[in-house]
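Just below is one structure, and these are the notes that go with it.
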Amino acid sequence: MAEASRTSEARRDAVFGRWVVFSPARSRRPTDLKSHAPANPSPGAGAGAGGAPKPSCPFCLGRESECAPEIFRVPALPDASPWRIRVIENLYPALRRDAEPPAPDGEVGEVMPGERAVVGFGFHDVVIETPRHDVRLWDLDAGGVSDVLLAYARRVRQLMEHPAVKYVQVFKNHGASAGASMAHSHSQMLGTPFVPPSVTTRLNCMKEVFERLGKCSLCEFQSKDIFVSETHNFSAIAPFAASYPFEIWIIPRQHSSYFHEIDKDMALDLGSLLRTMLAKLSKQLNDPPFNFMIHSAPFGVSSSCLPYTHWFLQIVPQLSVIGGFEIGSGCYINPVFPEDAAKILRELDC
């Protein structure tokens with residue numbers, strides 16, 4: 001469909017169950033959409049003007065003692081040796097690993113009927129993706145990004161061994177407006193003693209599609225117009241009912257329920273595609289703040305759920321503000337059709 005003939009359209013997302021209103025009249029041409037507050041205006045800067053020292057923070061090489069306790073590092077060498085990746089406890093955790101795990105239905109208070117409160121037990125970890133302050137995730141080569149992904153998977157497998165942990169959310173915030181409190185490239189994971197409601201909603205929506213059509217909603221996509229790129233093991237698309245402009249999903253081409261089962265070859269493949277997608281978004285959108293999240297199956301789901309649970313990685317550039325309509329209705333307004341976003345990204349060299 002030509003851009004000039006675009007009119008508003010409502011689409012329902014088959015994975016999250018959200019309605020999205022596409023309203024191209026709310027923005028200029030899709031190619032004009034840029035971040036007005038780049039997450040890091042000079043990511044590759046070395047010494048500052050006038051010989052000022054290079055930026056440094058507690059995540060940098062040589063300042064390890066300023067961080068919370070280390071869980072493991074890559075490579076696994078003595079503490080005095082150089083490292084490429086460190087997985088550490090979060091110094092300011094949202095959930096506390098030293099709290100008493102809640103009983104299966106343990107409540108410590110009720111404010112209104114149906115509301116519950118449980119002890120704030122859980123795990124909140126940080127993955128420092130590089131020892132260098134001036135390197136972004138997509139500045140690494142495919143092998144470097146692969147190592148970060150394998151570190152995620154290793155830590156998820158460790159947390160899976162704890163009987164009280166039901167789900168682990170892996171995520172990355174890039175830029176202050178996307179939630180990053182540190183400029184140094186890092187990501188996080190939270191292990192919770194419950195399955196978050198959005199995860200339950202996602203599984204229920206995918207189950208509904210499977211029961212109606214007899215196939216997983218992520219194993220195939222009909223329109224080539226939303227295709228951005230692919231490797232042997234993964235496809236990158238602008239989802240048909242993208243909630244956000246220039247949103248990208250990276251999906252395993254073979255059905256797989258759990259991210260943490262990824263092997264080295266798949267991690268290298270995913271690392272290559274992920275760095276390319278992040279580089280494209282940075283180039284096209286002026287290094288926007290963004291979030292990415294890995295959506296996997298909860299631990300211990302029944303075998304009957306596995307045919308329709310399919311993990312994927314979602315990248316969300318922060319280009320617009322969520323307003324009262326979105327908060328109140330749970331619906332989203334997107335000024336860029338995914339077909340247009342996919343075409344722009346597909347044709348962009350990086």
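When reading the values below, keep in mind they use all heavy atoms of this one structure, side chains included, and skip hydrogens, waters and symmetry mates.
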message: If you define the side chain from C-beta out and look only at heavy atoms, does anything of Gln158 sit under 4.5 Å from Ile71?
response: yes
message: If I take atom CG from residue Asp13 and atom SG from residue Cys331, how far apart are they, to the nearest 0.5 angstrom?
response: 11.5 Å
- request: Using a cut-off of 6.0 Å, state whether more than 12 heavy atoms not belonging to Asp98 lie near its atom CG.
  value: yes
message: I'd like to know if Phe312 and Leu268 are part of one continuous hydrophobic network [Ile/Leu/Val/Met/Phe/Trp/Tyr, side-chain heavy atoms within less than 4.5 Å].
response: no
Asn233 side-chain N/O to Asp269 backbone N/O, donor-acceptor pair under 3.5 Å: no
field: Residue list, salt bridge (charged side-chain N to carboxylate O under 4.0 Å, His left out) with Glu89, at least two apart or on another chain
entry: Arg97
- prompt: Rounded to the nearest 0.5 Å, how far does CZ of Arg136 lie from CG of Asp287?
  reply: 5.5 Å
query: When you check the gap from the basic side-chain N to the acidic O, do Glu339 and Arg11 get nearer than 4.0 Å?
result: yes
task: Would you confirm whether His255, through its side chain, and Thr309, through its main-chain N or O, come within 3.5 Å as a donor-acceptor pair?
output: yes
- prompt: When rounded to the nearest 0.5 angstrom, what distance separates CD in Glu208 from OG in Ser217?
  reply: 10.0 Å
message: Would a single hydrophobic cluster contain both Val74 and Leu137, if residues Ile, Leu, Val, Met, Phe, Trp and Tyr are joined by side-chain heavy-atom contacts under 4.5 Å?
response: yes
- request: Flag the pair Tyr332 / Glu247 as yes when at least one side-chain heavy-atom distance between them is below 4.5 Å, and no otherwise.
  value: no
message: Ignoring hydrogens and geometry beyond distance, is a side-chain donor-acceptor pair present between Gln318 and Asn291 at under 3.5 Å?
response: yes
query: Does atom CZ of Arg157 have more than 12 heavy-atom neighbours from other groups under 6.0 Å away?
result: yes
query: Just by modelled atom types, is the Tyr258 backbone N or O under 3.5 Å from a matching donor or acceptor in the His260 side chain?
result: no
Ion pair check, Glu347 and Lys343, cut-off under 4.0 Å: yes
message: Tell me the closest heavy-atom pair linking Pro288 and Pro317, and the distance in Å.
response: CG-CB, 4.3 Å
field: Donor-acceptor pair, side chain of His124 and main chain of Asn90, under 3.5 angstrom
entry: no
query: Side chains of Leu150 and Lys264: does their closest heavy-atom pair fall under 4.5 Å?
result: yes
- request: Kindly give the cluster partners of Leu348, where membership spreads through any ILVMFWY side chain lying under 4.5 Å from a current member.
  value: none
query: Of all residues at least two apart in sequence or in a different chain, which pass the side-chain contact (heavy atoms from CB on, under 4.5 Å) check with Phe227?
result: Phe221, Glu230, Arg346
- request: Classify the angle between the aromatic ring planes of His184 and Phe59 as parallel (below 30°), tilted (30 to 60°) or perpendicular (above 60°).
  value: perpendicular
- request: State, with a plain yes or no, whether a side-chain heavy atom of Val156 is found less than 4.5 Å away from one of Phe299.
  value: yes
task: Kindly indicate whether the side chain of Phe16, heavy atoms from C-beta on, has any atom under 4.5 Å from the side chain of Ser198.
output: no
- prompt: Measuring from Lys172:NZ to Ile294:CD1, what's the distance to the nearest 0.5 Å?
  reply: 11.5 Å
- prompt: If you look at every heavy atom in Ala342 and Ala238, which pair is closest and at what distance?
  reply: CB-CB, 4.0 Å
message: In the structure I gave you, are the side-chain heavy atoms of Phe292 and Ile250 within less than 4.5 Å of one another anywhere?
response: no
Cluster check Leu306, Phe210: I/L/V/M/F/W/Y, side chain < 4.5 angstrom: no
field: Donor-acceptor under 3.5 Å (Ser146 side chain, Ala142 main chain)
entry: no
task: Spell out, as yes or no, whether a donor-acceptor pair under 3.5 Å connects the side chain of Arg84 to the backbone of Val148.
output: no
task: Linking directly or through intermediates, with side-chain heavy atoms under 4.5 Å: list the remaining ILVMFWY members grouped with Trp19, chain and number order.
output: none
message: Quick one: does any side-chain atom of Ser282 pair with a main-chain N or O of Leu278 as donor and acceptor, under 3.5 Å?
response: no
query: Got Lys166 and Pro298 here, is their nearest side-chain heavy-atom distance under 4.5 Å?
result: no
message: As a quick check of understanding, evaluate side chain to side chain donor-acceptor pair (under 3.5 Å) for Glu261 and Trp311, giving each step before the final call.
response: CA-CA 11 Å; Glu261 294 178 347; Trp311 76 266; over 6 Å; no
field: Partner residues of Lys207 under the side-chain contact (heavy atoms from CB on, under 4.5 Å) criterion, sequence neighbours left out
entry: Glu211, Tyr308
query: Under a single-linkage definition using a 4.5 Å side-chain heavy-atom cutoff for Ile, Leu, Val, Met, Phe, Trp and Tyr, are Tyr167 and Leu95 assigned to the same hydrophobic cluster?
result: no
- prompt: Is the backbone of Pro252 close enough, under 3.5 Å, to the side chain of His310 for a donor and an acceptor to pair up by distance?
  reply: yes
task: Identify whether Leu149 and Met160 are in the same connected component of the hydrophobic contact network (ILVMFWY, side-chain heavy atoms under 4.5 Å).
output: yes
message: Test question: given the 4.5 Å side-chain rule for I, L, V, M, F, W and Y, name all other residues clustered with Leu91, or answer none.
response: Tyr92
- request: Compare all side-chain heavy atoms of Gln188 with those of Asn173 and state whether any distance is below 4.5 angstrom.
  value: yes
query: Does a side chain donor of either Gln169 or Thr192 reach within less than 3.5 Å of an acceptor in the other side chain?
result: no
